[in-house]
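Just so it is clear, the model here is predicted, and its values are computed rather than measured. By convention in this document, chain letters (A, B, ...) are assigned in the order of the sequence lines, proteins followed by strands, and residues within each chain are numbered from 1.
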There are 2 protein chains.
Amino acid sequence: MQENDFLEFVARQTPAHPRVPVNIGDDMAVVNLFEPAGAGAADPRALLKIDQCLDGVHFDLARHSLTQAGRKAVNRCLSDCAAMACEPAALLLAVTLPHGATAAMAQELFLACRDAAARFDCPLVGGDTAIWPQTEQRLAITVAALGRAAPGVTPVLRSEARVGDLLVVSGALGGSILGHHLDFEPRIELALAVTRAARISAMMDISDGLAQDLPRLCAASSVGARVDGALLPLTPAAHELATSDGKSSVFHGLCDGEDYELLLALAPEQWAKLAPAAAKERGGIRLAGVPLTVIGAVTSEPELVVVDAGQVRPWPRGGWEYQSG
Amino acid sequence: MQENDFLEFVARQTPAHPRVPVNIGDDMAVVNLFEPAGAGAADPRALLKIDQCLDGVHFDLARHSLTQAGRKAVNRCLSDCAAMACEPAALLLAVTLPHGATAAMAQELFLACRDAAARFDCPLVGGDTAIWPQTEQRLAITVAALGRAAPGVTPVLRSEARVGDLLVVSGALGGSILGHHLDFEPRIELALAVTRAARISAMMDISDGLAQDLPRLCAASSVGARVDGALLPLTPAAHELATSDGKSSVFHGLCDGEDYELLLALAPEQWAKLAPAAAKERGGIRLAGVPLTVIGAVTSEPELVVVDAGQVRPWPRGGWEYQSG
């Protein structure tokens, strides 16, 4: 089963609904609680997301603690709130514990999730805890988030990138498997700061790796993109992996998943609002304590390309086709 | 691990939050999207619930179809919407498929969930589908519901039952395991009709059986209860089970789980608004096509009792202690 094929099936089989201005396909859905939708900031728009975190897929209980697993599950969902530039308003938690789980395990997981959400003033308001009756069944953590539009901020979609927009990423990319995937920071403050300071055309979080996620933003916006490999901000972990496996650091920055950084598209004049010349001279800008880096631009070509060592190369589909020169 | 002990731990460890007037412990949480909370019907209150449905616990894929499993998962969550007398506004769906699952399986499940929600004009607005990489792992379906207060209807809590209130149940109880648990009807129309016609003190849905759920309502309201076993509306399935296992039909009506009927507490004068004398003469009342039956009353005693064959007996804790005379 191919994930993108199934997502396309779901999109085709999801009819429009008058209370749902943004349906399945973006980082979160946008729902008008009441109809007809009112106008302006008082319009009670709710944003919604659900996400799973599984033992043996997203974490490994043989090596990672329940606290790490719970925090990751919550932070993945909060990263989607950041991607829409909304404030998390409440969280729900469903846990299926392995056979023989103790009350102490359930309690540790609950507290980890509660505390991860509380960092963003987001209350955990409901949950469901079950225990698999069969042995061999593994821990599954499902988190659902209710977001609310922050005052003066309209949710930012994937679908409004425009030709000529700059492509910008937060933080640094690659090598998340070495540890970042368990202790990343949902970019909520950054997302709110950036949307208050400039008009962002499109935004999403990079959860499956830029190689997979940028094509999704481009497809939603019906545009192409050109990324300069030399501009990619890379983590020390990306370089470390490159040293050990012989692939390039740029490969890891593009193709490793679970960065949980933000990918933004915005017009050059909007970028100028964020990046005064002085800041650029100092080698890049920071907002809410997080670096922001221009990595390329939105193009009218249907294809995405990456410029690597001066050569234009096709976009690495999923990662495995990519060969750095 | 005892479910009620864990729920008490969670309640103790859940701090109050200014945006959460009803927190963990009721059928759904109530969240004010914006603060300070406005007054009146325009106040954007969101209701939230999450619930899991597991293969080998809530259904059995060896005997039940994916369509049955998906419909049950959605309807369980919608039953909680009914319990609060709110309208379902949007649903989220997280599915973990067994190893080797096909696209056709994912599609069947999605369509079943979408269609079950659509019956109540409730759009499915987001989801997450994963596949267990290990063999032997089983299907888990998690559904989260966003509800909205219906016009003119305040969400009905568990905690406001008053001494002297009548206890009323919808439909009939018992024997759900013979099939009802897969094809029950969330009592949403009934809940809205009843709350529009009378002031309901307290309400919940009966998901774990009256023997377990009535004590929860009583504990939340700090009251006791007296139920007359002879008044319990029983399903044909409750009688069928009684014939085969030698327990009484009343035992099955009290102790079997998964009725997904409504349990209401309301003052006698409010009941009179629902039940004109003419309707009572015809042997009970119906609202929104569903029978409503008085089964007892709320008392000031801390204990719950059941009257059975003229004798006052202690409440069947969990079911197994109960012996019908």
Side-chain angles (χ1 to χ4, degrees), chain A residues 1-3 5-6 9-10 13-15 17 19-20 23-24 28-29 31 33-34 42 44-46 48-52 54 56-57 89-90 92-94 96-97 101-103 105-107 110-111 114 118 121 123-134 136-138 140 142 144 146 148, chain B residues 1-3 5-6 9-10 13-15 17 19-20 23-24 28-29 31 33-34 42 44-46 48-52 54 56-57 89-90 92-94 96-97 101-103 105-107 110-111 114 118 121 123-134 136-138 140 142 144 146 148:
Chain A
M1 192 177 105
Q2 296 297 312
E3 182 182 4
D5 291 348
F6 180 64
F9 170 84
V10 165
Q13 295 291 334
T14 297
H17 192 285
R19 283 197 313 273
V20 189
N23 215 315
I24 286 174
M28 299 179 84
V31 177
L33 266 185
F34 300 100
R45 292 194 168 191
L48 290 172
K49 174 72 184 187
I50 195 164
D51 189 58
Q52 301 172 100
L54 309 176
V57 180
L92 300 169
L93 172 66
T96 326
L97 293 163
T102 62
M105 290 173 65
Q107 292 174 2
F110 168 79
L111 293 176
R114 182 200 67 177
D121 187 30
L124 189 57
V125 300
D128 183 37
T129 301
I131 301 185
W132 286 111
Q134 310 91 358
E136 302 300 321
Q137 302 296 302
R138 296 202 178 201
T142 306
L146 170 71
R148 57 178 187 162
Chain B
M1 193 177 104
Q2 295 298 310
E3 181 182 4
D5 292 348
F6 180 65
F9 170 84
V10 166
Q13 296 291 334
T14 297
H17 193 286
R19 283 197 312 272
V20 189
N23 215 313
I24 288 173
M28 300 179 83
V31 177
L33 266 185
F34 301 100
R45 293 195 167 191
L48 290 172
K49 174 73 184 187
I50 196 165
D51 189 58
Q52 301 172 100
L54 309 175
V57 180
L92 300 169
L93 171 66
T96 326
L97 293 163
T102 61
M105 290 172 65
Q107 292 173 4
F110 167 79
L111 294 176
R114 181 200 68 176
D121 188 29
L124 189 57
V125 300
D128 183 38
T129 300
I131 301 185
W132 285 112
Q134 311 91 357
E136 301 302 320
Q137 302 296 304
R138 296 201 179 200
T142 306
L146 170 71
R148 57 178 186 163

Contact class of B:Arg114 relative to chain A, heavy atoms under 4.5 angstrom: side chain
Working to the nearest 0.5 angstrom, can you tell me the gap between B:Asp121 CG and A:His17 NE2? 3.5 Å
Toward chain B, the part of A:Gln134 with a non-hydrogen atom under 4.5 Å: side chain
Counting heavy-atom pairs under 4.5 angstrom with chain B, the leader among A:Ala140, A:Ala90, A:Ala103, A:Pro15 is A:Ala103
Can you confirm whether A:Val10 sits close enough to B:Leu124 that some side-chain heavy atom of one is under 4.5 Å from a side-chain heavy atom of the other? no
Less than 4.5 Å to any heavy atom of chain B: does that hold for the side chain of A:Leu93, its backbone, both, or neither? backbone
Among A:Leu48, A:Thr14, A:Asn23, which residue has the highest count of heavy-atom pairs closer than 4.5 Å to chain B? A:Leu48
Assert top hit (heavy-atom pairs under 4.5 Å, partner chain A, pool B:Pro123, B:Gly56, B:Gly126, B:Ala29) equals B:Pro123
Heavy-atom cut-off 4.5 Å, strictly under: side chain, backbone, both or neither for B:Gln52 against chain A? both
Please classify the contact of A:Val20 with chain B as side chain, backbone, both or neither, using a heavy-atom distance under 4.5 Å. side chain
Heavy-atom pair with the smallest gap, counting every atom of A:Arg19 and B:Ala89: NH2-O, 3.2 Å
Out of curiosity, A:Thr142 OG1 to B:Asp51 CG, how far, rounded to the nearest 0.5 Å? 11.5 Å
For chain B, find which of A:Thr129, A:Val125, A:Ile24, A:Leu146 contributes the most heavy-atom pairs closer than 4.5 angstrom. A:Val125
If we define contacts as heavy-atom pairs under 4.5 Å, which of A:Val57, A:Thr96, A:Leu97, A:Asp5 has the most with chain B? A:Thr96
Residues at least two apart in sequence or cross-chain that pass side chain to side chain contact (heavy atoms under 4.5 Å, CB included) with B:Ala144, listed by chain then number, are A:Ile50, A:Leu92, A:Ala144, B:Ile50, B:Leu92
Residue A:Thr102 versus chain B: region with a heavy atom under 4.5 Å: backbone
State whether the side chain of A:Gln107 and the backbone N or O of B:Phe6 hold a donor-acceptor pair below 3.5 Å, judged by distance alone. no
Heavy-atom closest pair (A:Phe110 atom, B:Gln13 atom, distance to 0.1 Å) is CE2-CB, 3.7 Å
